[in-house]
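Numbers for residues simply follow the sequence, beginning at 1. Whatever order the structure lists them in is the order used to number ligands and atoms, beginning at 1.
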Amino acid sequence: MTHKPYAPHEIAEMVVGLHRLAQNLWWTWDQPAQELFQQLSPRGWQNLYHNAAAVLREVSDAELRARLQDRDFARHVQEVLKNFNHYLHRKDTWGTANAPHLQDRPVAYFSAEFGFHESLPIAAGGLGVLAGDHAKSASDLGLGFVGISLFYREGYFMQAINTENLQTEYYTLLDPRNLPIEPVLDPKGEPLVCTVGIGASTVAFKAWRVNVGRIPVYLLDSNLPENEQLYRDLTLHVYGGDSTTRIMQEVLLGVGGVRLLRALGVHPSVFHMNEGHAAFLTLELVREKLAEGLSFEEAFAATRQECIFTTHTPVEAGHDRFSPDLMAYALHRFFRQLRVPQAEVLALGRVDPADETEPFCMTVLALKASRAANGVSELHGQVSRHMWRRLFPDRPEAEVPIAHITNGIHLLGWMKGPVRTFWKRKLGNDWENDVNTPEFWHRVLDPEFITDEEIWALRYRLRRELVEFCRRRLLLQGERITAASYIAFDHLLNPDALTIGFARRFATYKRAPLVFQQFDRIVELVSDKHRPVQFVFAGKAHPRDDAGKRFIQHIIHLSKHSALKGHLVFIENYDIHVARQMVSGCDVWLNNPRRPLEASGTSGMKTTCHGGLNLSILDGWWREGYDGTNGFAIGEDSHPDNVEEQDESDSENLFQVLTEEVVPCFYNRSVNGIPRQWIQKIRRAMATLVPQFNTWRMVQEYAHNFYRPAAPVTEPPPGLEVVAEP
Ligand SMILES: *Cc1c(COP(=O)(O)O)cnc(C)c1O
């Protein structure tokens, strides 16, 4: 014992700091911070699914204080807290230099879902994960930014597979005390309560604040005793219930979100609608302006100057449509306050305003009420301009005002431990500073700076971690079905084999089973003793998507087929944690949607920084990313209109690329077992894709193109200047 113990106030400071840290999602993208909670309770960390707030709650105060008398641990805590404070308070950010007008009047970003981390499971899929990554990068860039969403107290469903290989759904109640969320309070310290008119009722709601680095995301919650059960349950499940629930959720999100911001004294300069779910916010902005004395036309024009819209899907069913009756029911009280005939409001959601039978489409409202709009990849921009051309009858299609900003991922949030450690060893402690830049990733092209052997060792490690993860998970999954299969799990998957991953929502257009259409040829591939191939699948089907569920059933059935057993696995309950294991461990990330229905896709971007290669249809982001050297393309930059024809040719092409390019390249080894050509592709992929397809670049594009200060109403709307490329 050579040190004098820490003074009580020093300990108290660290305890307070740790609690603040656990309540800020910054720890989810800072490795030393994560390790801190892991060290605090390794078992709790595993059992509580990497939930820092819950770990801290489980460790008693006395134990924590005792642990902090350990010098090494305390130093680690102090170092992390210093970095955390520096991150929160630094002034020299990209945002202060490039978007100073947003500091006082931020961007308000509305999204029906946000996916931040596996411990806060309130997202259904890619849209939410993108929103979460957008918020994290807005924080990193120091942008003035607030997020708005709902607090779904049972989140999105959890998936279990029953003995018939069918997906079953169950929910668990989230406990706010164990989550990185804090109640939003009024000046008296009571929960801040606002109201919104839904149907004939006044619905009260409170809010939770999620700290995402420097920025807040507010989650609205209607689960208050003063509400009828019907309304309390609006914030039960992500996209829960039928279209009546859906429209009421969307009123709460859009109208309620604006009300909350006003109650908090936040006056955004831009309202960014991430998908059409939040489009009712535009009506609330109009209502506010009417109350200030503007006419409906003036109010609508002024609202248009404040709003930005991002559309995310070319799939028809992905656009919410509500019948006129449902609109009249849900917005009954609201309509009266808008002081124009109901027909005029309903017309805002119709392609043909005169067609009184046309349902009200949230995307149409969002497009009409925004000064600028965008799709999420170049091709999706084109497809969207075509899709919505009838809204702009006096323009050629190429001038339909829907531009594009290609999606990205929040790099540090996705990068797995071994890759971070790799860069830290190469570049030292400050390696993260320019991790989003081309300069950083160009280093990978230099075989003297990073050798083939180093890259291959990293790949092996990541693949082995995935194999171990799959074995653990399958053991748990298997236990429910039969305990007898225990021994089999050791032989499941091979850490040396070419590992192909597919994990996404089981929407049918993504065609999960496509690769197995050539069943006999696949059997040949997986059972090749010298050049084995194996598959890891995961994904949820929407609870009402029976066709998607049949796809899952089919794949699980195949995974039990004697010819594929041990070479094809299906991991239950796809979420951010499963995604991280898979995108990092797989050698090849398979993406075979029916073109052009994958607006962007982002999971393939997550694989690249881990040294995985994409094998994908030239749809969404991959059409922009692929350059002939940095991965594999299935088919051409075109597609037949006929769906059966497309499925047939894609399946044929997929198999051809797999057997003639992917497998030979992976197994073409030098004398010491290194696949030099393969590694060259990894280098090219990292250098060309990572600096481009991240949200650091993406949010900067939004800031430059879309988050500019609103122009006075007399000028032409800036959205119209964003002329789409032909
Ligand atoms: C990244 C991600 C998605 C989106 O992936 P796509 O390629 O767009 O299908 C969906 N779900 C989870 C959990 C993710 O991490």
Side-chain angles (χ1 to χ4, degrees), residues 28-29 49-50 111-134 136-137 155-159 238-239 274-275 310 312-315 318 375-377 379-380 406-411 413-416 501-512 514 536-542 545 548 551 571-586 588-610 612 614-617 619-625 631 689 693-695 698:
T28 64
W29 70 94
Y49 214 41
H50 326 125
S111 180
E113 42 170 319
F114 274 93
F116 295 114
H117 187 257
E118 58 265 26
S119 60
L120 187 56
I122 53 169
L127 180 73
V129 173
L130 179 82
D133 284 5
H134 192 127
K136 291 173 190 173
S137 283
Y156 196 55
F157 77 86
M158 315 256 253
Q159 176 193 57
V238 186
Y239 307 129
N274 186 45
E275 199 42 293
T310 302
H312 284 270
T313 180
V315 178
V376 290
S377 70
L379 182 59
H380 179 232
T406 305
N407 282 346
I409 57 157
H410 182 259
L411 204 45
W414 282 104
M415 207 184 263
K416 213 181 169 201
F502 181 105
R504 38 197 90 242
R505 278 187 305 117
F506 268 57
T508 46
Y509 78 85
K510 297 189 187 237
R511 300 186 296 190
L514 190 75
V536 181
F537 273 66
K540 295 175 177 176
H542 188 279
D545 179 5
F551 276 7
I571 303 296
E572 283 177 10
N573 207 34
Y574 183 50
D575 67 359
I576 289 178
H577 179 58
V578 177
R580 186 178 292 105
Q581 305 302 315
M582 287 183 64
V583 295
S584 58
C586 290
V588 170
W589 196 249
L590 177 62
N591 179 39
N592 45 230
R594 212 170 263 150
R595 209 179 106 123
L597 297 182
E598 192 62 88
S600 167
T602 52
S603 55
M605 303 173 187
K606 300 167 193 166
T607 201
T608 311
C609 65
H610 300 99
N614 282 275
L615 165 60
S616 169
I617 301 276
D619 198 6
W621 80 282
W622 188 236
R623 183 175 162 274
E624 290 154 59
L689 302 172
F693 298 97
N694 62 62
T695 42
M698 181 191 86

Any donor-acceptor N or O pair under 3.5 Å, side chains Trp589, Ser603: yes
Geometric class of the His50/His577 ring pair [parallel <30°, tilted 30-60°, perpendicular >60°]: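 Plane angle between 30° and 60°, so tilted.
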Any donor-acceptor pair under 3.5 Å from Asp619 side chain to Glu598 backbone: yes
Axial cation check for Phe116 ring with Lys136, 6.0 Å and 45° limits: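 Relative to the ring axis of Phe116, which defines the angle, Lys136 lies outside at least one limit.
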Arg504 to Phe502 six-membered ring, cation-pi geometry met (6.0 Å, 45°):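 Yes; both conditions hold, so Arg504 lies above the ring face of Phe502.
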By ring pair (Phe, Tyr, Trp, His ring centres under 6.0 Å) - contacts of Phe551 (at least two apart):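 With sequence neighbours excluded, Phe551 shows a ring pair (Phe, Tyr, Trp, His ring centres under 6.0 Å) to no residue whatsoever.
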Residues in the immediate environment of ligand 1 (any heavy atom closer than 4.0 angstrom):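 Only Gly125, Gly126, Val129, Trp414, Arg504, Lys510, Tyr574, Asp575, Ile576, Ala579, Gly601, Thr602, Ser603, Lys606 have heavy atoms that fall under 4.0 Å of ligand 1, ordered by chain and number.
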